S.K.: 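Have a look at this one before I ask anything.
Model, not experiment: these values are computed from the prediction. Below, read A as the first sequence line, B as the second, and so on, with proteins coming before strands; counting in each chain starts at 1.
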2 protein chains.
Amino acid sequence: MTAHASQGAKPRKTPVQSRSRVTVDAIFEATIQVLLSEGMTRLTTTRVSERAGVSVGTMYQYFPNKQALIIALNARYLNALAERVEATCARMAGQPAAEMVSALIETYWTAKTERADLTQALYRSVAALDNNVLMQDFATRVGAATMSMFRQTSDLPPQDATEINLTLTTVIYGAVRNAFERELGMEQITALKASLIDMCCAWLISFQHRTQMTA
Amino acid sequence: MTAHASQGAKPRKTPVQSRSRVTVDAIFEATIQVLLSEGMTRLTTTRVSERAGVSVGTMYQYFPNKQALIIALNARYLNALAERVEATCARMAGQPAAEMVSALIETYWTAKTERADLTQALYRSVAALDNNVLMQDFATRVGAATMSMFRQTSDLPPQDATEINLTLTTVIYGAVRNAFERELGMEQITALKASLIDMCCAWLISFQHRTQMTA
DNA sequence: GGAGTATATGAAGAAAAGCTCATATTTTGG
DNA sequence: CCAAAATATGAGCTTTTCTTCATATACTCC
């Protein structure tokens, strides 16, 4: 992974001592705080390092530029999210499709809700990036996990897994994100989640009916 | 200066002569082009005015700052989109809910697909804005139109209109956006649209069943 | 303890972007 | 045709931001 480093997106140095690991963590934390309090446009290297309690030079020792910092932060977050989704997928293997959908939405929703402000801040920070391999990679990685899960339902033909996977993931990720962008009250959010689950399940059932007919 | 407009988001001057209207249009067009060719981070007042073939000063005569320009551009786009959705809603009043959903998705989808690159560029440009009343206003406006439409279905109880409206709009807008963010091939896009319509309809049917039972 | 490596510092140069204003040109209306 | 209003200009001032580098401090391990 040291080779192609497309746009200087790689860390300059990798921390080896414990204090530097602390430093890098502090920088990430500071980035989040600045993102939340000042917004993406006012996020500068100086502000971040100030907040982190380190000098600008230190920051540049680990991140070759601002973009790399944002990318790294998002990569970190997306990685954690992917791990959780993967865990859910593994856990639900072999279950009925409706259970899978429900668990998937629950996982995704919870991960986003835990820190709603951060979720939104990160959404915006990635959008500010011109290049966007991150989301693409995330989609591929998580797509593989859900795909393998849907192939192992107890109540759906495996040959439909591709269509099911594409549709469900698109709808779920999209709806969740949109739900966050509107600023809704708690009751609406909760109702929305329930409806989303219902909707996905209703579609799956209609799917089963169709395949039964053709069978 | 006039009364301190909220965040300087208002146009400084409103064009009255025809040549100035041409100028403003050119600025909007240039903004789009720069957005597409250079991306949001490299979009600067200088670059935009250069592309528009006017001087920077001229730009600042109509837009007090860069943010105002982006806001105005998006407002313009969202207004056009809202009008189309409103037209569809008006046209579909009294029809079966499934027809409504289908028409709504079709309208939204077409509007986005017509200029997919622009759609994506605008998504990013708004996201880069720290403050975001635009989307909120759009959601409210379009929400009113769809709400009124769903209240007039031939096959659904009007008291469920609120839940139906919130759920469907969230799912549709979210899914459409997500579909654009992944870079999918034509066949996948088409399949996705069909599935989305199916899914919404399946949910509506399940909804009808439930309300029939309680009735 | 000391040589060598890792990490931290922050003043300062360079680049970029935002924005203004004094001046010039065009249009309008009487 | 002329004065007032509208519109256009763009050099250049200001502010912000990025980034580097020479130097200093801390750690590791023999």
S.K.: Return the value, rounded to whole Å, for the distance between atom CZ of Arg21(A) and atom P of dA8(C).
M.R.: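 Rounding to the nearest Å, CZ of Arg21(A) and P of dA8(C) are 12 Å apart.
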S.K.: Can a side chain N or O of Tyr60(A) be found less than 4.0 Å away from OP1 or OP2 on dA8(C)?
M.R.: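 Checking Tyr60(A) against dA8(C): no side-chain N or O falls below 4.0 Å of OP1 or OP2.
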S.K.: Please state whether the phosphate of dT7(C), meaning OP1 or OP2, lies under 4.0 angstrom from any side-chain nitrogen or oxygen of Thr23(A).
M.R.: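 False: Thr23(A) side-chain N/O out of range (4.0 Å or more) of dT7(C) OP1/OP2.
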S.K.: I'd like to compare against my own output: the B/S/- annotation of nucleotides 25-30 of chain C with a strict under-4.0 Å heavy-atom distance to protein.
M.R.: -BSS--
S.K.: So what does Val16(B) touch, heavy atoms closer than 4.0 Å: a base, only the sugar-phosphate, or nothing?
M.R.: sugar-phosphate
S.K.: For residues Glu163(A) and Ser195(B), is any side-chain donor paired with an opposing acceptor at under 3.5 Å?
M.R.: yes
S.K.: Which sits closer to the 5' end of DNA chain D, Val56(A) or Val54(B), going by the nucleotide each is nearest to?
M.R.: Val54(B)
S.K.: For Ser37(A), which residues count as a side chain to side chain contact (heavy atoms under 4.5 Å, CB included) partner, sequence neighbours excluded?
M.R.: Arg51(A)
S.K.: Does the distance from a Lys or Arg side-chain N to an Asp or Glu carboxylate O, for Asp25(B) and Arg76(B), drop under 4.0 Å?
M.R.: yes
S.K.: Sequence neighbours left out, what passes side chain to side chain contact (heavy atoms under 4.5 Å, CB included) with Ser49(A)? Give chain and number order.
M.R.: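 Listed in chain order: Val54(A), Val56(A), Met59(A).
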S.K.: Mind checking side chain to side chain contact (heavy atoms under 4.5 Å, CB included) for Leu118(B) and listing every partner two or more places apart, or none if nothing turns up?
M.R.: Ile32(B), Arg115(B), Leu122(B)
S.K.: Suppose we screen for salt bridge (Lys or Arg N to Asp or Glu O under 4.0 Å). Which residues come up paired with Arg21(A), at least two apart in sequence or across chains?
M.R.: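 Testing Arg21(A) for salt bridge (Lys or Arg N to Asp or Glu O under 4.0 Å), a comparison that skips the adjacent residues, returns none.
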S.K.: Please find the earliest and latest nucleotides of DNA chain D, in the 5' to 3' direction, that have an atom within less than 4.0 Å of any heavy atom of chain B.
M.R.: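 Both ends considered, the range comes out as dA6(D) to dG10(D).
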S.K.: Under 4.0 Å from any atom of DNA chain D, heavy atoms only: list the residues of residues 26-49 of chain B that qualify, in numerical order.
M.R.: none
S.K.: Among pairs that include at least one residue of residues 66-89 of chain B, which meet ring pair (Phe, Tyr, Trp, His ring centres under 6.0 Å), considering only residues two or more places apart or in two chains?
M.R.: none
S.K.: Grab the NZ-C1' distance between Lys66(A) and dA16(C) for me, whole Å please.
M.R.: 12 Å
S.K.: Let me have the donor-acceptor pairs involving side chains of residues 134-146 of chain A, under 3.5 Å, with sequence neighbours excluded, atom names and distances please.
M.R.:
unit_1	atom_1	unit_2	atom_2	d
Thr140(A)	OG1	Gln136(A)	O	2.9
Arg141(A)	NE	Glu86(A)	OE2	2.9
Arg141(A)	NH1	Asn79(A)	OD1	2.7
Arg141(A)	NH2	Glu86(A)	OE1	3.1
Thr146(A)	OG1	Val142(A)	O	3.2
Thr146(A)	OG1	Gly143(A)	O	3.1
Thr146(A)	OG1	Asn165(A)	OD1	2.6

S.K.: Just jot down the ring-ring contact (aromatic ring centres under 6.0 Å, His included) partners of Tyr173(B), sequence neighbours excluded, or say none.
M.R.: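 For Tyr173(B), the residues satisfying ring-ring contact (aromatic ring centres under 6.0 Å, His included) (neighbours in sequence not counted) are Tyr108(B).
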S.K.: Heavy atoms under 4.0 Å, any strand shown: does Thr58(B) hit a base, just sugar-phosphate, or nothing?
M.R.: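 Base, at least one base atom sits under 4.0 Å.
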S.K.: Provide, to the nearest angstrom, the distance between the CG atom belonging to Asn65(B) and the C1' atom belonging to dT20(C).
M.R.: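 In whole Å, dT20(C) C1' lies 14 Å from Asn65(B) CG.
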S.K.: Who pairs with Glu114(A) by side chain to side chain contact (heavy atoms under 4.5 Å, CB included), at least two apart in sequence or on another chain?
M.R.: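 Per chain and number, Glu114(A) pairs via side chain to side chain contact (heavy atoms under 4.5 Å, CB included) with Arg84(A), Thr110(A).
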S.K.: Without decimals, in angstroms, what is the distance between Tyr62(A) OH and dA6(C) P?
M.R.: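 Computing the Tyr62(A):OH to dA6(C):P distance gives 10 Å.
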S.K.: Show me the pairs that pass ring pair (Phe, Tyr, Trp, His ring centres under 6.0 Å) and involve residues 33-53 of chain A, at least two apart or across chains.
M.R.: none
